[in-house]
Amino acid sequence: MNKLNLALHHVKENWFGVITDPQNQLVASAFGPNKVLLEKYLAEYVRGNSRQQTSRDGHPFAECMAELFYDRKPSSSVKFNTEHVSPFQGRVTKILRFIPKRKVTTYGLIARKIGSGPRAVGNAVASNPWPLFVPCHRVVSSTLSIGNYSMCGTLDERGSLIKRQLLEREEVPIKGDKISPTGIWDPFGE
DNA sequence: TCGAATATATAAC
DNA sequence: GTTATATATTCGA
């Protein structure tokens, strides 16, 4: 029981990987150019959960993930397995899912919305188990610089570049190396 | 349990 | 621009 499935999909320079549970819920996703690192990262994420019972069938979510990467499809109808996320991460995730396309928000605004601190929100966003499906790339610092984006657990300039490309494809207004103020979405709404 | 480490914010220089 | 400090949550010894 509790048998998980790992599915991979390759498009151009990137590998897209998803782990799903028997109810077809998304347990975790990750992507990057290094297939070995990707598999290692996902296996580590579910360590202790499935043991060696992970199967490797294809899954439509893997293709869906690549579509999301190229901004070709909405992420609706994907159910998430929240087994590994803390209550706090859950509250942050709920906000992330509301950030509209063409917009971003900040760690600080999310923090104020849920009565927490920006640094804690940064931790939660950084450990988002469902990148692309849950648009954690739509969160930037209060200075409006693009900021950081880790892929398969590694945090470097490359991730930041990918984050920028994702935002550009979604037509978030960017001037120079900063988000334009018109691109900010306020979680307090109106 | 506690100390250290964060994908931060803000104020002051 | 660069600090210093406050801050919430997580993780490991």
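- Among the heavy atoms of the strands lying under 4.0 Å from A:Y107 is at least one base atom, whether or not backbone atoms are also near.
- Counting non-hydrogen atoms of other residues, nucleotides and ligands closer than 6.0 Å to CZ of A:R158 gives a total of 12 or fewer.
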Which pairs, protein N/O on one side and nucleotides 2-6 of chain C N/O on the other, fall under 3.5 Å?
from, atom 1, to, atom 2, distance (Å)
C:dA6, N6, A:R119, NH1, 3.4

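- Around the OH atom of A:Y70, the shell of radius 6.0 Å holds more than 12 heavy atoms that belong to other residues, nucleotides or ligands.
- Stem list for DNA chain C (at least 3 consecutive Watson-Crick or G-U pairs, distances under 3.5 Å): B:1-6 with C:8-13, B:8-13 with C:1-6.
- Salt bridge status for A:K163 with A:E168: absent, with no side-chain N to carboxylate O gap under 4.0 Å.
- Remark: C1' of C:dG1 and NZ of A:K178 are 10 Å apart, rounded to the nearest angstrom.
- Here C:dA8 presents its P atom at 12 Å from CZ of A:R91, a figure rounded to the nearest Å.
- Applying the side chain to side chain contact (heavy atoms under 4.5 Å, CB included) rule to A:S150 yields the partners A:L155; only residues at least two apart in sequence or on another chain are considered.
- Scanning for ring-ring contact (aromatic ring centres under 6.0 Å, His included) contacts around A:H59 gives A:F61, with sequence neighbours left out.
- Comparing A:K163 and A:R112, the nucleotide of DNA chain B nearest to each residue sits closer to the 5' end for A:K163.
- Counting non-hydrogen atoms under 4.0 angstrom, A:S141 reaches the backbone sugars and phosphates but no base.
- Heavy atoms of other residues, nucleotides or ligands lying less than 6.0 angstrom from CD of A:Q23 number more than 12.
- Between A:L96 and A:T105 there is no side-chain heavy-atom pair separated by less than 4.5 Å.
- A:W185 places none of its side-chain heavy atoms less than 4.5 Å from the side chain of A:V104.
- Between A:E170 and the choices A:R138, A:R72, A:K103, the salt bridge (charged side-chain N to carboxylate O under 4.0 Å, His left out) rule is met once, by A:R138.
- Look at A:K101 and A:D71 and you find a salt bridge, because one of the NZ, NE, NH1 or NH2 atoms lies within 4.0 Å of a carboxylate O, short of that distance.
- Between A:S86 and C:dT10, a side-chain N or O to OP1/OP2 separation shorter than 4.0 Å is present.
- Of all nucleotides in DNA chain B, those with any atom nearer than 4.0 Å to a heavy atom of chain A start and finish, going 5' to 3', at B:dT6 to B:dT10.
- For the P atom pair drawn from C:dT5 and B:dA7, the interatomic distance equals 22 Å after rounding to whole Å.
- A:G108 comes within 4.0 angstrom of sugar-phosphate atoms only, judged by non-hydrogen atoms across all strands, and of no base.
- Within the structure, every pair that satisfies the ring pair (Phe, Tyr, Trp, His ring centres under 6.0 Å) test and touches residues 10-36 of chain A, not counting sequence neighbours, is listed here: A:H10-A:W15, A:F16-A:F31, A:F16-A:F69, A:F31-A:F69.
- Both A:N123 and A:V140 lie near DNA chain B, and the one whose nearest nucleotide falls closer to the 5' end is A:N123.
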